[in-house]
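First up is the structure itself, then whatever we jot down about it.
Numbering of ligands and ligand atoms starts at 1, following listing order.
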Amino acid sequence: MPSWWGKSSSKEAKKKSGTESFIDSLQRKFKSPSDAKFDSSSGASRRHCSDVVSERGSQSRAESRSSSPSKHVARCQSFAERPHAQPLPLPAVHPANVRRTDSGINVSAKPRAEKSSKSLFLPLPRPACIRSRPDPTELDVDLVTASVYSESSIDSDDDTRRQSPQASDCDNVVRTTTVCPSSMMLKDQASKVMQTNPGEAQRPVNTLLSSQNSPASPKRRPLGNHVASLQVPHHGAFFSAPDSSMSSPSRSPMRAFGNEQVMNTAFWAGKPYPDVNLLGSGQCSSPGSGQNSGHNSMGGDLSGQLFWQPSRGSPEYSPLPSPRMASPGPGSRVQSGAVTPIHPRAGGAGSETHASWADDGKQQSHRLPLPPITIPHSSPFSHGNSAATSPSVPRSPARTENPTSPGSRWKKGKLLGRGTFGHVYAGFNSETGEMCAMKEVTLFSDDAKSRESAKQLGQEIALLSRLRHPNIVQYYGSETVNDKLYIYLEYVSGGSIYKILQEYGKLGEAAIRSYTQQILSGLAYLHAQKTVHRDIKGANILVDPYGRVKLADFGMAKHITGQSCPLSFKGSPYWMAPEVIKTSNGCNLAVDIWSLGCTVLEMATTKPPWSQYEGVAAMFKIGNSKELPAIPDHLSEEGKEFVKLCLQRNPHNRPAAAQLLEHPFVKNAAALERPIPGPDLAPPVGVTNGIKTLDVGLERKISSEDSERLAVHSSRVSPTRPRSSEYYIPRNISCPVSPIGSPLAYLRSPQLQNGVMSPSPISSPRTTSGSSTPLTGGGSGSGTIPSHHSQHLAHFQDGFGSIPRSPKSVFLNGPTYHDPNLHIFRAPQPGSHGFRDLVSSENETATKQLGRPWHVDLYNGQSVLADRVSQQLLRDHVKLNPSVD
Ligand SMILES: Nc1ncnc2c1ncn2[C@@H]1O[C@H](COP(=O)(O)OP(=O)(O)OP(=O)(O)O)[C@@H](O)[C@H]1O
């Protein structure tokens, strides 16, 4: 007996009535003498019903609706006992048979077939659930939204789902996690469009059916068919909207990242995944964080990998481009999920789906992701392609091929690493011979983690697309290909610092200095743009063969608006600043400085500080003690002081990145031995990353010459050659002290002058020698550099919505963690001098500029800490019990 039989809801009963009638018709047709005998014992009413089915059609349905559960059971039993009455194998639903009824319910012309396919019934949010969402303005205004075009499929699915007993499984999740009111509105719009235009609606429905029929993933509905969804606000989406900052030269580019502006775009308005609860992100990262490459002996969580466990035949199983990704030609290529309702599996071979597209055979294989080679913005979310421009108009299938789509020349190569959200492959452009890193993420719309992945990836894209610096991994473009999102990045072949440490052990001081200097350069640039990385650690810093390091993984990065900072608890605990753990303010630039200090220790010892403790214990150490981690003796005095400067518990006292660049530990760092052989910053040919008007040759020169300038002015760069005086000169070519390593370099930046960093005089390295001010809240490190690294590592993120965040949350009923100093940070020491004097005054200025005094967030430190710890405990629990949702 089907398990759902006895669980039928009234709605299901209505639906089943049709099925029963149909079945009864079958029974009558195939009735054997024994059936007749059995029927005679099953009651007159039922016999009557069956008769009516065959004779009066719809009238019988009304009667059958009155069937009680017990009656269902009786029927079921009768089926079981009557072989001839068993539901016969029925043909799979053919898309052509699917239609939309006036009621908005997608039914098949073969209702029995539909009923027999459980995979058709996927849970989707109900309107009531959606309306119960909190005020969207409270939500973390990060990125990524759902498609408003192909939401029609969701709508259909929604209706279909209501018929499904399985819906209840997911509804609870959906109720608390998914769609914001705005997206609901859009969804409704899409629904109306569908109902008035059944022809349009049909394709998404078919897509849905075919996707759900896929044996590979029966319960997941990839986002691919509505990955308009991933409205990544790179230049196009952000800069082309009427109120885009980039459309108006009078507005600062940085405002493009302001929440208010973001909300003006459909990208944000359609945000279907405003927050995600109980996500695995908390389980994914850790000292080794997600790391990837199979070198994560530090306990990178495998849950992400499990989550993304590819189906057989998917590209993940092969380092070679899979047939599925092979391109039959431009015409078939789906440039973006945003423009096609075709589900990837709908176009797959018959073995992959039960449905087929008789009229669209070209969809049966997928083309490779295309290199960002022919258009300024390879992202599907460019202006002309952006949902932001027409959020409520379904895309026509005729638009599936964007003529400005990047050429399909990136071939997926070897697996470079695994992250929380997917895999990173080498990509090769066989026409230009260039390589890139392809971050591939499979998106499933009905999966909470997928939603979080989409959100985080969108955030990463949005931020990366605006950055251009030799110490930041270059973003080339992104696109969705059906249910896959590809982010094309500069290929940094040496892997991460974490990986290097695992393979080769701790670094020598010269390398630490050099790496630290470069990290600082990247951070100074990032911070000048009022962006905080929030996940600085060895695993997120890549190294190229020439010893250049590049910040990567901007999935947690955040642009600081200067007004309010959303509740954030992101980063990896061992690198996490105390204020992030203790308070809700993880959105300040100083958190990166703390993490940098931890990374220096990581480079010097191969382990981050406090890694001898497991996650929760480490959090207490970081957030609730006065201890500082031990600093290895073999580090120079300059190095020790540098670390101490970074690891000051009072974020006010931490120097800014630009200031730290003047510290002798990094300022005196030796240049790398090997010169950089020519320009390396240029994206692959044709990739402009927002620099639309440059021809290839010029672009290449410029990209290696003045990355900072280009980054700052990327939206307004003219095709003229920059003045040589503005060229960026890579540090390790000719300058002992890099121009980018000097805060002076940033004085040219308008952002800097108006931003957080102050163009105040730079202290002389000599001034630091006299600095002996005790570290605030610090003592002599009593801890030891870990010899054993915990396997219980966690990666914290926003989105644990089911866990109360309020200081008055239930978690406060648990043990209290008293720390009288928790919210008493010392003011900058007026008597101090030298490097610290400068740092303190600068940080005061920075605080004012941020417009948010630190102490405001510190009063509830204990409760927040308890909250954090509770989250960590829950994550640990979930991690140890993967079955727990
Ligand atoms: N641009 C790149 N060049 C070379 N390798 C890369 C590049 N980007 C990522 N990788 C490899 O892939 C791994 C995972 O990448 P990344 O950390 O960006 O993924 P993620 O999902 O964001 O990870 P995380 O779990 O830290 O959030 C890296 O550790 C690195 O080994």
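Asn471 contributes no side-chain N or O that, together with a main-chain N or O of Ser521, makes up a donor-acceptor pair within less than 3.5 Å. Judged by distance alone, with hydrogens and angles left aside, the side-chain atoms of Asn429 form a donor-acceptor pair with the main-chain N or O of Glu431 at under 3.5 Å. Looking only at distances, no side-chain donor or acceptor of Asp592 sits under 3.5 Å from a matching main-chain atom of Ser595. The backbone N or O of Val492 sits nowhere less than 3.5 Å from a side-chain atom of Asp544 that would complete a donor-acceptor pair.
Considering backbone and side-chain N/O of Asp553, one or more are found under 3.5 Å from N/O of ligand 1. In terms of polar-atom proximity, defined here as any N/O pair under 3.5 Å, Val492 does make such a contact with ligand 1.
Within the listing of ligand 1, atoms 3 (N), 4 (C) sit less than 4.0 angstrom from a heavy atom of Tyr491. The ligand atoms of ligand 1 that sit less than 4.0 angstrom from a heavy atom of Val473 are 1 (N). Residue contact check: Ala437 has heavy atoms under 4.0 Å from atoms 1 (N), 2 (C), 3 (N), 7 (C) of ligand 1. Every atom of ligand 1 with a heavy atom of Glu490 under 4.0 Å away is listed here by number and element: 1 (N), 2 (C), 3 (N).
Proximity of Lys439 to ligand 1, defined as any heavy-atom pair under 4.0 Å, is confined to the side chain (atoms from C-beta onward). With a 4.0 Å heavy-atom cut-off, ligand 1 is reached by the backbone of Leu416 and by its side chain too. The proximity of Asn540 to ligand 1, defined as any non-hydrogen pair under 4.0 Å, is limited to the side chain.
Counting only non-hydrogen atoms, the option in Leu542, Leu489, Asp544 that gets closest to atom 2 (C) of ligand 1 is Leu542.
By the side-chain contact (heavy atoms from CB on, under 4.5 Å) test, Ala618 is found to be paired with Tyr574, Trp610, Tyr613, residues two or more places apart in sequence or in another chain being considered. Ala604 pairs by the side-chain contact (heavy atoms from CB on, under 4.5 Å) definition with Ile512, Pro632, His634, Leu635, not counting sequence neighbours.
Closest heavy-atom contact between Lys506 and Thr606: N-CG2, 3.3 Å.
Ligand 1 lies nowhere less than 4.0 angstrom from a heavy atom belonging to His423.
Between Ile472 and Tyr475 the shortest side-chain heavy-atom distance does not fall below 4.5 Å.
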